[in-house]
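Accompanying notes for the structure given below.
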Amino acid sequence: MQAHHDEYVFGWDPTPGIVSVWANRQGRVLYWRRVRDEEGNERVLCVRDRFRPWILATSLDDVSHLGSDLVEEGRGGTSRTVWYRELQGEEGSYRFLLSAFDGRTLEQAILEGASLRLQRAVKTVQELPDAYYRVGPVEQYLIGSGRVYFRGLHYDDLHRLQFDLETTALDPHRGRIFLIAVRDNRGLAEVLEAPHPEDEKRLLQTFCQLVRERDPDILENHNLFGFDLPFLEHRALIHDISLDIGRTGFDGAPMLLERYEETLAIGPEARKRTRYSVGGRELIDTLDAVRRHDFVVRALPSYGLKDVARYFGLASQERVYIEGSEIFARYQREPERVRRYALDDVSEVDGLSKRLQGAPFALAGMAPRRYERLASAGPAMGILEPMLVRAYLRRETALPGSGQRVLSGDLHEGGAVRLFASGVARNVVKADVASLYPSLMRTFQIGPSCDRLGVLLSILDRLTDLRLEQKAAAREAVPDSIEANHYEATQAAMKILINSAYGYMGAGSMALFADSQAASEVTRRGRAILAQVLQALEKRGMVLIEADTDGVYFAVPDHWNAEQEQRLVAEIGAELPAGIRLEYEGRYQAMLSHEVKNYALLTYSGELIVRGVALRSSRVEPFGERFLLQALRCTLLGDISGVRNAYLETVDALRMKRLPAIDVATRVRLSKTPEEYLAQRKKHLEPAYEALLQAGRRKWFPGERVRFYRARNRQYVWIPEETAETATHNDWEQPPGNANELRDRRDYDTEHYIQVLKNSYAKRLQKAFTPEDYHALFSNEQPGLFDGIFERPLECIQPILKREETI
DNA sequence: TCGTTCCGGGG
DNA sequence: GTGTACGGAACGA
């Protein structure tokens with residue numbers, strides 16, 4: 001059985017070093033292997049192969065019209081033959097594997113038969129989803145052969161090339177490419193240029209030639225699919241040249257860039273996006289990787305390359321920054337600086353790739369799909385399902401038909417988020433159930449009822465064990481070594497799959513192995529486990545604060561130490577069903593619970609952790625944020641006069657103009673062009689644009705970030721960025737004031753900012769106090785000694801914890 | 001002012 | 001050729 005498990009996870013064919021696969025509907029395949037010869041020189045071999053294109057059918061009805069051209073598999077045939085193989089499975093399941101020498105012959109036969117059967121013209125197989133199950137040519141080949149990408153390779157073995165276009169505008173109709181920075185992880189760093197419009201064609205040709213010469217396995221950039229490739233494609237069209245950046249195809253010529261539309265379900269609606277593909281190389285957009293990363297972590301300030309590179313600590317000290325709209329103008333005056341800027345871009349892309357592509361790399365060693373697809377595929381439908389299909393065909397077993405899926409179950413509610421108390425609590429502990437849903441599936445053997453072979457649970461079991469091994473191996477390896485990164489990436493890939501197993505069952509009618517009853521059984525048991533934990537805590541006198549699907553914050557008695565807390569968690573964990581592990585996550589000296597998922601924690605080492613938007617300001621004026629962090633810390637420490645002082649000091653600093661303008665300024669991103677803004681200005685004034693106009697600027701581009709503050713009489717003052725990187729004087733009529741002088745001005749609207757302090761920063765501490773205490777703490781009156789603003793002295797104010805809900 | 005829609009990125 | 005979403009800002013009544 002173990003052998004099956006490993007085949008389910010990794011396929012079975014041992015071919016090492018596959019770095020790209022290209023297959024078409026005629027059953028022709030090229031794949032490229034990266035190998036080393038005896039002397040250790042690396043080479044890329046191109047291998048030609050064939051496969052017989054296949055499709056799965058629930059019956060032979062549509063192909064019976066073929067007569068003697070319909071033949072059982074194992075017997076010979078001609079180019080017109082359609083073969084069938086019967087898999088184990090009941091009526092209604094996809095139990096006939098149809099194949100032909102050419103996929104088009106196969107489809108033609110099916111469409112003809114279906115048209116006869118339905119008495120209407122059937123144009124595509126997609127019109128018959130209940131009757132046929134089909135995957136793309138590369139997937140057919142990988143599923144049939146048991147091959148996967150990258151066997152025996154480490155991430156650094158891949159030859160990756162990054163390139164970045166610099167253009168005169170964002171829109172290829174209005175601008176052109178004047179520079180392309182190219183680097184790879186084999187030592188290349190080069191800048192190709194076209195100072196004049198007539199040079200652009202040559203530039204494109206040189207670029208294609210360079211790519212072919214370097215012959216990388218992977219092409220990478222940030223927003224590759226959204227910007228660089230469409231731009232390249234459009235400019236190539238204008239110059240009437242082809243973008244031959246692929247590896248050599250069947251006819252001996254380099255393969256061209258191809259485009260296709262992809263439907264993505266982002267949010268509730270489906271949206272289209274254009275994808276590109278090229279033979280022999282995998283196209284990787286680091287923007288996809290960044291989105292996927294942040295989907296879990298939710299910590300990135302923006303998805304822009306520069307911001308993300310800084311976030312990951314990839315930006316170098318000497319990194320050149322230039323505002324997007326200034327790049328071309330800057331290039332004309334200071335070309336060397338723009339060259340450095342563009343090379344910084346590609347090297348940050350390389351850094352991002354190293355940091356984020358490990359998991360998709362590891363997934364490509366498991367699932368039967370192209371690496372480039374796995375890099376952006378959804379984990380359930382895009383990765384797990386192809387693995388399930390591969391396993392079923394390997395076992396000669398039919399896939400469940402639409403009738404076998406279970407879609408009826410009541411829509412599972414998932415795990416509720418609950419707020420038991422708001423305000424300030426001390427001695428707080430976080431505990432949660434490790435991998436709750438996958439653990440429940442394993443413990444209670446809850447899988448899709450239509451998964452007759454139990455493949456999903458097998459894969460889940462095997463991945464869970466393998467992941468523990470990988471994690472152990474990662475811990476043993478030299479930190480940050482190639483091996484450590486490899487193990488770490490593999491365990492991360494496995495985690496992605498493990499976590500998607502539950503979601504897959506509830507994915508609805510599109511999932512082949514959907515079982516929404518099983519999915520709701522998982523959430524039902526999950527809720528029961530959580531309820532058991534909550535009751536156990538309450539029974540022992542703990543104060544519940546907040547709970548979500550698989551975790552809980554609660555307060556323990558005052559004098560408790562970490563050992564006692566751990567013992568409590570272990571004790572309650574021991575009462576849970578075997579296989580369900582309650583983990584002690586951490587302890588905090590205090591917590592401000594604001595709303596569900598919005599709280600601040602103070603660790604015993606004094607670190608302040610703020611979670612959720614409600615406790616962060618969206619405007620981030622520096623003075624307000626400083627105040628909030630200080631006030632939160634004081635509140636959590638019980639230092640009430642510290643809170644009052646922070647407030648009074650901030651008010652006073654504003655009144656006395658001790659704060660420079662930069663401290664009250666906010667920074668926003670422009671979205672309107674000058675024309676658009678001027679057209680609507682009569683109706684509605686917007687501070688950011690007013691600030692620019694006030695400074696005499698008449699030209700700007702959407703996307704620019706503008707820092708400004710509010711001065712008296714509703715005047716808005718623009719503070720240009722300190723680097724002066726943006727300063728090209730043709731953009732405004734009168735030269736701007738000195739940025740340093742502006743940053744230090746004191747003519748801001750004091751009363752306005754005091755209101756902001758009160759209404760948008762102090763507000764966030766409201767739950768920590770009784771209404772009377774809150775108003776007393778944040779009143780602007782400096783109390784005289786005896787005028788009784790405080791009903792009781794400040795020292796008597798204590799933070800409160802208010803019960804919101806009971807279990 | 002409130003709901004509703006759109007966007008996120010790239011030069 | 002498939003299957004994330006949520007917070008903030010802009011927009012429209």
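Convention: sequence-line order gives letters A, B, ...; per-chain numbering from 1. What you see is a predicted model; the values in this text were computed from it and never measured. Side chains are part of it too, since the values below use all heavy atoms of this structure and drop only hydrogens, waters and symmetry mates.
Residues passing the side chain to side chain contact (heavy atoms under 4.5 Å, CB included) test with A:R355 are A:F312, sequence neighbours excluded. Listed by chain and residue number, A:E200 satisfy the salt bridge (charged side-chain N to carboxylate O under 4.0 Å, His left out) test with A:R235 (two or more places apart in sequence, or in another chain).
Distances from the side chain of A:Y341 to the nucleotides B:dG9, C:dG3, B:dG11 place B:dG11 closest. Distances were taken from every side-chain heavy atom of A:S302 (C-beta onward) to each of B:dG11, C:dG3, B:dG9; the shortest belongs to B:dG9. The nucleotide whose nearest atom lies closest to any side-chain atom of A:R373 is, among B:dG11, B:dG10, C:dT2, C:dT2. The side chain of A:M381 sits closest to C:dG3 out of B:dG9, B:dG11, C:dG3.
No aromatic stack links A:F227 and the base of B:dG11, using centre distance under 5.5 Å and interplanar angle under 30°.
Remark: the separation of the P atoms in B:dG11 and C:dG8 is 26 Å, to the nearest Å.
Between A:E258 and A:R292, the residue anchored nearer the 5' end of DNA chain C, judged by the nucleotide with its closest heavy atom, is A:E258.
Between A:R369 and C:dG1 there is no side-chain N or O to OP1 or OP2 distance below 4.0 Å. Contact check, A:Q126 against C:dT2: no side-chain N or O comes under 4.0 Å of OP1 or OP2.
A:Y133 and A:Y94 have tilted rings, their planes meeting at an angle from 30° to 60° on a 0 to 90° scale.
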